[in-house]
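So that the names make sense, note that chain A is the first sequence line, chain B the second, and so on, each numbered from 1.
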Amino acid sequence: MTALTRELSAIAGRAFAEEGLSPEFGLVKASDRPDLCQFQCNGALAAAKKGGGNPRALALKVVERLKGYSIFAKLEIAGPGFINIDLADTTIAARAAALVKDATLGAPTSGAGRTMVIDYGGPNVAKPMHVGHLRSAIIGDSLKRLFRANGWTVVGDIHLGDWGLQMGQLISEVALRGTAQIYFDEAFTGPYPAESPVTMEDLEELYPAASTACKADPERLELARKATAELQLGRPGYLALWKHFFTVSEIGLKREYASLGVEFDLWNGEASVDPLIAPMIEDFKARGLAEMSEGALVVNVAEPSDKKEMPPLILLKSNGSVNYETTDVATIIERVRDQNPDLILYVVDQRQHLHFEQVFRAAKKAGLSGKAVLEHAGFGTMNGPDGKPFKTRAGGVMKLFDLIAMANEEAKKRLTEAGIGADYPAEEQADIAQKVGIAALKFADLANYRLTDYMFDLERFTKFEGKTGPYLQYAAVRIRSILRRAAEEGLIGSEPVVRSPEERALVLQILALPDAMEAAEEKRAPNILCEYVFTLAQMFSRFYAEHHVMSEHDEELRLARLGLCGLTLDVLVKVLDLLGIEVPERM
RNA sequence: GCACCCGUAGCUCAGAUGGAUAGAGCGUCGGCCUCCGAAGCCGAAGGCCACAGGUUCGAAUCCUGUCGGGUGCACCA
């Protein structure tokens, strides 16, 4: 099913074409002034500006042509040449009825036949996840769902940080403590113990200790660097230890992402491309794409048109080890080989932008990216009240686990306060608290535009009124409640009708879903979906406050409203799903 | 120093290709539960869109400059 605005744009575009102008001027969009009209076309103004002539006169000619189409209930020219458009209620009701039968609810098909790899999450092995990891997980997960809904074949990859200096820091820390000697005994030939010498709790203590020590002491840092290099060269004891770190961390990470409702198709890490690195470096050397500089092997990625300084990409450090620039280039080779994607999207902190610029340039220079467009979809920092990256009052970073627990706790409290959940089974109460808490968290984050830094406010992340995730769930739950009653009485909704301003506004918003999904894809911006679904819930709430469904005596109207409720619920649930938010049966 | 991003209501944030009267939530004030869930609905107050120029019929949006904030600039990720 074609999106309504697209259909209207096509009609208006034809009218412009018949006037000898580009059909692009026929773009029709939802009105900025709903008090004046439902849709607007501003193309006459743009066309007049480009080609000269009077915009009002042109608008008049276009409108004359549009009058031949019966779907327009109102065609007006306003101000300097806006074309204001209304559709008949029967027309929009018929569109809604058609939507009921469309399982995709009119979703765009922009991704049909196209494949993308989306790289998000990016946690580090052996480091506990903190609130800073929230954005990549939530935004990436939402974009994955959105692109998939728009027809793309999507492969989501967590891309763990598991091959860099932090591994060397850990290995050297374990060595210094002498708690697992066997892994450092060069005479030992294996096999190494199957049981990990460290637990997750150990890692949570080991890493910060190692990191702090390395920062304070250059010699300690040198030990870590050396261990990193040896690990990457394949020293068996280090590899065995690394494997343990990885396995132990993976369990914790999986649990944490599961509680967020975030999933990945691939659990690859930097280390997984290790076998590709040596041949890749040889290839760069053989083709003269890499050169020695200050002891390191680098790729010059500067271009004459650069306004800023563009440092070279370091392929091989002077001590022979690699950092994440190298693994990121190798990962492109891996992805092109395995998925041959049309797009590789990196959902990573905006502060990494220069890094990706370098990686992309190196990959293109060497012709490694196949048909893929490489794109960094960065996001802003989550700041504390001081405008600096968020820290707890104690000065540490807040663990993601604690944040989720707090949100759930608030949700549970609210449920008991409202009294309504008192008779629910304990298991359901816990389930509701989880869904509501996560919804508050995700929506509070996703509602901000991706690129702007925003202030982390615990209160806002655990708030359930106003423009929040739970408000949206609440709207959906109220519809479910109506539908339950209807089912008890054996009633089934019929085709929606539009007989009131509230119904009209609601149906128009429902019909705008494809526009929101398309815009959100184009901008890689889930906040557009947030904006859309919040308005939808508002339109429903107004309708709900103004009209009764079950107690409506006109039976035909009652069933039509039931149908409208059903459709609204479907759209609500769908968009919330795109945001990674689940709706409980009741709350 | 060079480069990029940002500055919108008391607070936190939206604002899609340059469009009409710049929006929302929170907070404040005032209404609405003897009919489907008040985590809701309705209304009011609240703005020199940092500042100064420019382009345009039209600028929060584009250009230039100033001030203020953030970020990045070779072996950390």
Flag the pair Tyr471(A) / Phe534(A) as yes when their ring centroid distance falls below 6.0 Å, and as no otherwise. yes
Salt bridge (charged side-chain N to carboxylate O under 4.0 Å, His left out) partners for Arg220(A), two or more places apart: Glu173(A)
Integer angstrom distance from the C1' of rC2(B) to that of rG10(B): 38 Å
On a heavy-atom basis, the closest approach of Phe540(A) and Cys565(A) is CE1-SG, 4.1 Å
Atom pair distance, as rounded to whole Å: CE in Met382(A) and P in rU71(B): 16 Å
Pair assignment for rG43(B), Watson-Crick or G-U wobble, requiring both distances under 3.5 Å: rC29(B)
Under 4.0 Å between a side-chain N/O of Asn527(A) and OP1 or OP2 of rG15(B), yes or no? yes
Expressed as a whole number of Å, how far does the P atom of rG43(B) sit from that of rA60(B)? 26 Å
Less than 3.5 Å between a donor and an acceptor, one on the side chain of Gln352(A) and one on the base of rA77(B), is that the case here? yes
Here the salt bridge (Lys or Arg N to Asp or Glu O under 4.0 Å) pairs for residues 123-136 of chain A, sequence neighbours left out, are Arg135(A)-Asp445(A)
Rounded distance in Å - CZ (Phe461(A)) to P (rC11(B)): 20 Å
Length of the CD-P vector between Glu309(A) and rA74(B), whole Å: 8 Å
To the nearest Å, how far apart are Lys29(A) NZ and rG18(B) C1'? 10 Å
Residue whose closest nucleotide on RNA chain B lies nearer the 5' end, Glu270(A) versus Ala46(A): Ala46(A)
From NZ of Lys50(A) over to C1' of rC57(B), roughly how many Å is that when rounded to an integer? 18 Å
Just name whichever nucleotide pairs with rA24(B), Watson-Crick or G-U, keeping both distances under 3.5 Å, else none. rU12(B)
Residue pairs meeting salt bridge (Lys or Arg N to Asp or Glu O under 4.0 Å), one or both in residues 464-483 of chain A, sequence neighbours left out, come to Arg414(A)-Glu465(A), Lys467(A)-Glu531(A), Arg480(A)-Glu585(A)
Is any side-chain N of the basic residue among Glu230(A) and Lys226(A) closer than 4.0 Å to the acidic one's carboxylate O? yes
Could you state the CG-C1' distance from Asn124(A) to rC76(B), rounded to the nearest angstrom? 10 Å
Pairing residues for Tyr120(A) by the ring pair (Phe, Tyr, Trp, His ring centres under 6.0 Å) criterion, not counting sequence neighbours: Phe264(A)
Contact string for nucleotides 39-47 of chain B, one letter per nucleotide 5' to 3', B = base within protein heavy-atom range under 4.0 Å, S = sugar-phosphate only, - = neither, reads BSSS-----
Does OP1 or OP2 of rC36(B) have a side-chain N or O of Arg558(A) closer than 4.0 Å? no
If we count only N and O atoms by modelled type, under 3.5 Å, do the side chains of Gln166(A) and Ser211(A) hold a donor and an acceptor together? no
Whole-angstrom distance between rG7(B) and rU12(B), as gauged at atom C1': 15 Å
Take atom P in rG25(B) and the same atom in rC62(B), then report the distance between them in whole Å. 27 Å
Starting at atom CD of Glu417(A), determine the distance to atom P of rA38(B), rounded to an integer number of angstrom. 17 Å
Now, which nucleotide makes the Watson-Crick or G-U wobble pair with rA52(B), with each of the two distances under 3.5 Å? rU64(B)
Quickly work out the Leu354(A) CG to rG70(B) P distance and round it to whole Å. 20 Å
Determine the interatomic distance between C1' on rC42(B) and the same-named atom on rA16(B); round to the nearest Å. 30 Å
Does Lys49(A) get its side chain close enough to the base of rG58(B), under 3.5 Å, for a donor-acceptor pair? yes
Comparing Phe82(A) with Ile482(A), nearest RNA chain B nucleotide closer to 5' gives the residue Phe82(A)
Could you check whether Lys285(A) pairs with Glu291(A) (Lys NZ or Arg NE/NH1/NH2 to Asp/Glu carboxylate O, under 4.0 Å)? no
Ring center gap for Phe379(A) and Tyr449(A) short of 6.0 angstrom: no
For the P atoms, the ones on rU28(B) and on rC35(B), what distance do you get once it is rounded to whole angstrom? 29 Å
Is His548(A) stacked on the base of rC35(B) when the test is centres under 5.5 angstrom and planes under 30 degrees? yes
For rG1(B), the Watson-Crick or wobble counterpart (both distances under 3.5 Å): rC73(B)
Identify the residue among Arg586(A), Lys412(A), Lys435(A) that makes a salt bridge (charged side-chain N to carboxylate O under 4.0 Å, His left out) with Glu428(A). Arg586(A)
Report, one pair per line, the protein and nucleotides 5-8 of chain B atoms (nitrogen or oxygen only) whose separation is under 3.5 Å.
none

